[in-house]
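Here's the structure we're looking at; comments come further down.
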Amino acid sequence: MKLTDSVRAIKGIGEKSEKLFGKLGVTTVEELLAFYPREYDVYTAIQPIASVREGNTVILEGTFTERPRMNSARNLKIISCRLRDVSGQIAVRWFNMPYLLHSLKVGMRYILRGRITQKNGVLQMTQPKLLSKEEYVNRLGKLQPVYHLTAGLTNHMITKSVAAALKEYEPEPDFLPLEIRKKYNLIAHKKAVQAIHFPESKEAYAQARNRLTFEEFFLFSLALHRIKETKQEKTSDYRLERDELTKELLNRLPYTLTSGQEKVRQEIKHDLQSGKVMNRLIQGDVGSGKTVLAMLALLSAAENGYQGAIMAPTEVLAMQHYEEFMNYLSPLGVRVDLLVGSMTAAQKKKTMERIANQETDILVGTHALIQEKVSYADLALIVTDEQHRFGVKQRELFSDKGKSPHILVMSATPIPRTLALILYGDLDISVVDTLPANRLPIKNCVVGTNYRPQAYRFMEKQIQEGHQVYIICPMVEGSEESEAENVIDYTNMLRETLSPSVRVEYLHGKMRPSEKTEIMTAFSKQKIDVLVSTTVIEVGINVPNATVMMIENAERFGLAQLHQLRGRIGRGEAQSYCIFMAGNTSEETMERLKILENSNDGFYIASQDLKMRGPGDLFGVRQSGEYYFKLADIWQDARQLKQANEAAGTYTQKELSLLCKKYDGLRKKLEEYTGEVML
Ligand code: ADP
Ligand code: MG
């Protein structure tokens with residue numbers, strides 16, 4: 001079986017599963033092997049009942065003290081009984097498994113694996129799996145892969161398919177140069193792929209992860225070094241010197257720029273007048289006011305007779321920028337246009353004509369901006385917002401649209417300077433280090449689920465005062481595998497719980513772009529009071545009237561991500577509140593979340609998060625699922641990032657060409673990565 005074969009070549013995958021795998025972005029054997037587990041399930045040793053704690057998944061062994069009972073609540077059938085060992089007793093409950101009623105025997109020994117939850121202050125084990133002694137012994141200490149799923153495809157099916165593929169595929173020669181593998185102590189690719197799916201031990205997992213994250217970073221760094229070399233000190237055709245309109249816009253803004261904004265504005269202005277091509281990153285915490293800096297730079301392109309474009313990662317965000325730009329720039333006679341995927345073909349065609357004929361000065365849009373068909377008349381500046389969502393390849397595609405246009409990228413992800421210098425190695429970095437002064441700091445609280453009724457009352461009060469609320473849930477819809485809150489059920493529950501006049505809607509990533517846009521627009525126009533959403537709202541949305549955010553299952557998110565989410569509130573002049581709802585109140589969870597309660601500073605939070613987990617914490621929550629890496633996490637794998645960057649930096653372009661000749665696999669990967677041909 002070759003890596004390029006369709007997944008159909010794998011035993012057990014037919015037409016139906018092929019389609020389902022397709023939904024997960026897996027069509028070839030190679031893609032399946034690179035479909036790394038989301039996390040691992042670890043079977044730990046049987047523990048005494050008296051030692052269990054809320055939130056942990058544990059294995060218990062004991063006998064039932066009484067015959068199981070069955071109750072019906074709403075449309076649920078609940079089986080309850082009590083398990084006893086020498087140390088104590090605990091309540092056990094199963095939902096919708098009525099057949100257990102007669103199969104469970106009093107006096108027999110059972111092994112149960114399940115999560116410990118709390119109800120009315122009492123610990124219980126919910127929905128445990130019954131294990132035979134043999135199953136227990138076989139799985140003890142092993143890491144079981146847990147994959148991202150799609151409806152119809154179970155974890156078991158994916159695990160089986162991966163195992164079958166691993167057995168039968170013909171590996172290609174390792175593409176990492178031998179000298180690098182030796183120097184950084186990296187295991188072979190083939191061995192790493194085997195071990196990332198089925199690690200024999202934590203050490204084996206660590207080695208696999210080390211190798212695979214290194215290779216991701218290595219490719220990334222090589223690509224970046226190449227880009228850097230080709231564009232260093234390039235002279236620019238676009239000297240943007242006129243600034244009458246800029247001055248007028250500054251006068252019209254309803255606020256004055258903060259000192260941080262002003263400093264960065266000067267840096268940008270200097271670049272744009274320098275006669276060299278600008279390559280600049282603006283970093284600034286959420287809400288620090290980066291959009292207006294982009295608007296000023298784009299205006300400068302327009303007033304000097306050229307075009308400028310800004311690309312946002314979501315349609316919702318693009319629409320929002322478009323409206324804001326129209327509002328400020330059209331009175332100055334600047335022509336602003338929008339291009340997003342959900343527009344009709346006719347609308348797109350018209351817009352593209354205007355772009356080509358230079359009837360548009362500033363174009364706002366999504367990925368649509370870099371599609372082949374869009375051709376710009378005279379593009380002098382491109383801006384990418386929330387840069388980390390785009391890969392190197394997309395960044396370059398965008399700049400290919402003009403004759404070496406100036407480049408400005410904006411990111412709200414607070415990363416330490418050392419990492420930023422690597423990740424954005426090809427860019428100069430500006431930091432907006434102030435927040436607008438009219439903001440009241442967000443008030444935070446970390447609470448357990450028993451606080452919910454109070455939280456709802458609080459929300460209703462805020463809504464009565466004319467404000468709006470976000471509620472974040474980790475899942476889109478309910479599933480048997482997860483107890484985490486989901487957007488759909490939560491919305492239905494809220495509609496019944498809150499007073500009927502409160503308008504509750506939901507938003508999640510599986511909705512069509514046009515639906516998402518519609519909901520977001522309605523929310524920003526105050527036609528929705530409570531928006532229940534997954535993390536899709538994380539990026540850039542600006543609705544200053546929203547003053548409350550409640551994050552369900554806050555323990556499931558990385559701290560930096562929680563901070564980004566929280567950045568959606570506290571954007572106006574009214575006091576804002578963020579409620580972190582912890583699905584379990586274990587010491588660990590509470591300690592982690594307290595960091596957010598005590599600080600609103602993104603850089604501080606990110607550094608604390610890193611410190612708390614330490615490099616050994618391999619199974620921690622993924623910090624940001626949003627960077628352009630598959631497995632690697634810039635926080636968790638910071639050491640590999642530094643090493644890979646160092647390794648990539650040792651090759652001159654000529655040496656790299658030679659290396660690509662020797663390691664054909666490397667050439668192919670790099671070409672895939674950068675979208676250009678390596679000579
Ligand atoms: P981000 O840096 O997260 O992209 P935005 O650019 O969306 O932040 O700005 C957040 C809000 O702050 C917007 O409503 C914007 O109008 C406002 N804002 C920006 N700069 C200032 C300022 N200097 N003073 C007051 N409000 C400002
Ligand atoms: Mg923004």
Side-chain angles (χ1 to χ4, degrees), residues 246 249-266 268 280-299 310-329 364-366 383-390 408-415 429-442 467-468 470 520 523-526 535-547 549 560-574 576 578 600-603 605-606 624 626:
T246 305
L249 175 59
L250 285 171
N251 283 332
R252 281 172 182 243
L253 286 176
Y255 47 78
T256 46
L257 295 186
T258 63
S259 63
Q261 284 171 319
E262 184 56 31
K263 186 189 69 195
V264 176
R265 186 176 83 84
Q266 293 299 338
I268 295 169
R280 188 167 288 280
L281 165 73
I282 307 180
Q283 262 200 310
D285 210 343
V286 281
S288 58
K290 296 182 292 294
T291 315
V292 66
L293 293 169
M295 182 160 70
L296 285 159
L298 290 164
L299 174 61
I310 176 168
M311 177 162 75
T314 62
E315 286 208 2
V316 174
L317 199 54
M319 301 274 285
Q320 185 184 293
H321 287 336
Y322 173 69
E323 277 174 24
E324 188 169 356
F325 289 10
M326 283 292 278
N327 183 19
Y328 285 113
L329 301 180
V364 183
T366 51
V383 182
T384 48
D385 192 9
E386 303 296 345
Q387 162 68 23
H388 50 279
R389 289 265 175 134
F390 300 108
L408 191 62
V409 302
M410 309 200 289
S411 173
T413 308
I415 50 176
I429 301 179
S430 290
V431 182
V432 185
D433 52 10
T434 48
L435 288 180
N438 60 350
R439 305 272 168 77
L440 293 169
I442 297 170
H467 294 301
Q468 290 161 281
Y470 292 107
M520 244 0 268
F523 188 66
S524 66
K525 302 221 156 97
Q526 280 198 56
T535 55
V536 292
I537 61 122
E538 183 178 341
V539 161
I541 296 306
N542 189 35
V543 182
N545 190 49
T547 53
M549 174 173 283
Q561 195 181 7
L562 288 170
H563 176 67
Q564 291 272 311
L565 282 167
R566 172 172 65 182
R568 299 308 116 225
I569 56 169
R571 295 185 150 245
E573 286 176 19
S576 284
C578 191
N600 284 318
D601 175 349
F603 283 87
I605 288 163
S624 52
E626 38 181 48

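All ligand and atom numbering here is 1-based and tracks the order in the structure. What you see is a predicted model, and the numbers here were worked out from it, not measured in a lab.
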Check each heavy atom of V432 against ligand 1 and say whether those closer than 4.0 Å belong to the side chain, the backbone, both or neither.
-> neither
If you round to the nearest 0.5 Å, how far is CG of L253 from OH of Y328?
-> 5.5 Å
Criterion side chain to side chain contact (heavy atoms under 4.5 Å, CB included) on I310 and L408, from CA distance to verdict = CA-CA 9 Å; I310 176 168; L408 191 62; over 6 Å; no
N or O pair under 3.5 Å between E324 and ligand 1 = no
Is there a nitrogen or oxygen of L257 sitting under 3.5 Å from a nitrogen or oxygen of ligand 1?
-> no
Proximity winner for atom 5 (P) of ligand 1, if only heavy atoms of T258, I282, T291 are counted = T291
For ligand 1, does R439 get within less than 4.0 Å through its side chain, its backbone, both, or neither, judged by non-hydrogen atoms?
-> side chain
Can L253 be said to touch ligand 1, with heavy atoms closer than 4.0 Å?
-> no
Of the side chain and backbone of M410, name the one, both, or neither that has a heavy atom under 4.0 Å from an atom of ligand 1.
-> neither
Under the 3.5 angstrom rule, does the side chain of K290 hit a backbone N or O of G284 as a donor-acceptor pair?
-> yes
Side-chain heavy-atom pair L565, T535 within 4.5 angstrom cut-off | yes
Verify side chain to side chain contact (heavy atoms under 4.5 Å, CB included) between L298 and V364, making sure each step is shown before the conclusion.
-> CA-CA 10 Å; L298 290 164; V364 183; over 6 Å; no
Does a donor on one side chain and an acceptor on the other come within less than 3.5 Å for E324 and Q320?
-> no
Ignoring hydrogens and angles, tell me if any N or O in the side chain of K263 forms a donor-acceptor pair with the backbone of V431 under 3.5 Å.
-> yes
Report yes or no: does G287 have a heavy atom closer than 4.0 Å to ligand 1?
-> yes
Looking only at N/O atoms, are P544 and ligand 1 under 3.5 Å apart anywhere?
-> no
Close-contact set for ligand 1 against V286 heavy atoms, below 4.0 Å = 3 (O)
Counting from 1 in the order shown, the ligand 1 atoms closer than 4.0 Å to a non-hydrogen atom of S288 are 2 (O)
Any donor and acceptor pair, going by atom type alone, linking the side chain of N600 with main-chain N or O of I442 inside 3.5 Å?
-> yes
